[in-house]
Amino acid sequence: KPIKKEIARDALGLPQKDKILLFGSYGGNNSYNKGKDLLEESIKALHLESKDFHLAIFGETSNIKPFANLFPVHNFGHLHDDVSLRALYSSVDAVVVPSRQEAFCQVGSESQACGTPVVAFDSSGLTDVVDHKKTGYLAKSFDVEDLIAGIKWVLSNNNQDGLSKESASRAKLIFSSKNVAKQYKSIYENAIDFYMAKKL
């Protein structure tokens, strides 16, 4: 669930007026599929164009070194509770997921549940999470220039409140436990009906 951005930023010691981009930095980011190289390329290119936003990172501290001299970096390390995650997701303006492949992308769905748009590639499980230009931006697959365009589009969007509300409402509609339970129930009922029909 979202937390009011001003409250979340105050709790986390983040600047109130600056644009903040978030990404999760895990050991898996050393994997080719996680696209850390694409993220680094994007951030370096953004550094040449603009220096008016901050980076927030959660996960492993060892992966922040490439960005430390480019933009102000706020490292939150590992977060182990839902309240901290809610506050961090709610405090930022966008979450970037540079993965080449994701089965689903929990970070994407969690951030949108907190009303934060996601910038990612139009690939694999992320296509189910992000609704292009409604709850974030889906860049052409593995196109760094388009990923940069997506980051800039979200951070400079004049309808930030609209993006935030649409992200939260869509996440609630699609990923709520009540809705997912209904889908499982339907699958089980269809399987039972199919089995019973075969048995007869």
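At a cut-off of 3.5 Å, with distance as the only test, a side-chain donor of D81 or S84 sits close to an acceptor on the other residue. For the residue pair Y137/D146, the side-chain donor-acceptor check at 3.5 Å is satisfied. Of the N and O atoms on the side chains of T135 and Q112, at least one donor lies less than 3.5 Å from an acceptor on the other residue. For the residue pair S99 and E102, a side-chain donor N or O sits within less than 3.5 Å of a side-chain acceptor on the partner.
Here the side chain of S169 pairs a donor or acceptor atom with the backbone of K165 at under 3.5 angstrom. Looking at S167, its side chain does come within 3.5 Å of a backbone N or O of L163 through a donor-acceptor pair. Between the side chain of S164 and the main chain of T116, no donor-acceptor pair closer than 3.5 Å is present. Although no hydrogens or angles enter the test, the distance criterion places a donor-acceptor pair under 3.5 Å between the side chain of Q160 and the main chain of V154.
Taking CG of L22 as the reference point, atom CD1 of I57 lies at 8.5 Å (rounded to 0.5 Å). In this structure, the separation between CG on L147 and CD1 on I43 is 8.5 Å, given to the nearest 0.5 Å. The CG atom of N179 lies 12.0 Å from the OH atom of Y184; values are rounded to the nearest 0.5 Å. Rounding to the nearest 0.5 Å gives a distance of 9.5 Å between CG of D18 and CG of D93. Note: S42 OG to D143 CG = 9.0 Å, rounded to the nearest 0.5 Å. Between the NZ atom in K44 and the CD1 atom in I148 there is a gap of 12.0 Å [rounded to 0.5 Å].
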(message) Go through it in stages, so that I can follow the logic: the residues are H74 and L14, the test is side chain to side chain contact (heavy atoms under 4.5 Å, CB included), and I'd like the CA-CA distance, side-chain angles, deciding distance and then a yes or no.
(response) CA-CA 8 Å; H74 308 271; L14 292 171; 3.5 Å; yes
(request) Apply salt bridge (charged side-chain N to carboxylate O under 4.0 Å, His left out) to D161 and K5, showing your working. (result) CA-CA 11 Å; D161 286 343; K5 183 176 288 186; over 6 Å; no
(message) Using the rule given for side chain to side chain contact (heavy atoms under 4.5 Å, CB included), can you reason through D131 versus R170, listing the C-alpha separation, both sets of side-chain angles and the distance that settles it, and then say yes or no?
(response) CA-CA 9 Å; D131 191 358; R170 185 173 185 272; 3.7 Å; yes
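Counting non-hydrogen atoms of neighbouring residues, nucleotides and ligands closer than 6.0 angstrom, the CG atom of D193 exceeds 12 such neighbours. The number of heavy-atom neighbours closer than 6.0 Å to CD of E6, taken from other residues, nucleotides and ligands shown, is above 12. Counting heavy atoms of neighbouring residues, nucleotides and ligands inside a 6.0 Å radius, atom CG of N159 exceeds 12 of them.
Taking 4.0 Å as the cut-off between side-chain N and carboxylate O, E145 and K140 do not count as a salt-bridged pair.
Note: F71 and H47 have perpendicular aromatic rings, judged against thresholds of 30 and 60 degrees for the angle between ring planes.
The same ILVMFWY cluster, assembled from side-chain heavy atoms under 4.5 Å apart, contains both V73 and V96. Linking Ile, Leu, Val, Met, Phe, Trp and Tyr whenever their side-chain heavy atoms come within less than 4.5 Å puts L85 and F104 in one cluster. In the hydrophobic clustering of ILVMFWY residues, with side-chain heavy atoms under 4.5 Å counting as a link, F76 and V83 come out apart.
For the pair I3 and S90, the tightest heavy-atom approach, listed with the atom from each and the gap, is N-OG, 2.9 Å. A pairwise comparison of heavy atoms in V92 and A56 identifies CG1-CB, 4.3 Å as the closest pair. Smallest separation of non-hydrogen atoms from V129 and G108: CG1-C, 3.7 Å. Closest heavy-atom contact between P15 and I20: O-CD1, 4.1 Å. Across all non-hydrogen atoms, the minimal contact from S91 to R9 is O-NE, 2.6 Å. Scanning all heavy atoms of the two residues, the minimum distance from L138 to V130 falls at CD1-O, 3.5 Å.
Annotation: side chain of W153 is in contact with side chain of K133 (closest heavy-atom distance under 4.5 Å). Taking the side chain as every heavy atom from C-beta outward, D122 and H132 never approach each other to under 4.5 Å. Inter-residue side-chain proximity for V97 and F23 is flagged as unmet; no heavy-atom pair is nearer than 4.5 Å. Annotation: side chain of D37 is not in contact with side chain of E41 (no heavy-atom distance under 4.5 Å). Side-chain contact between F121 and R100 is absent, with no heavy-atom pair separated by less than 4.5 Å. The closest side-chain heavy-atom distance from V107 to Y89 is below 4.5 Å.
When each of C105, S111, C114 is tested with V95 by the rule side chain to side chain contact (heavy atoms under 4.5 Å, CB included), just one qualifies, namely S111.
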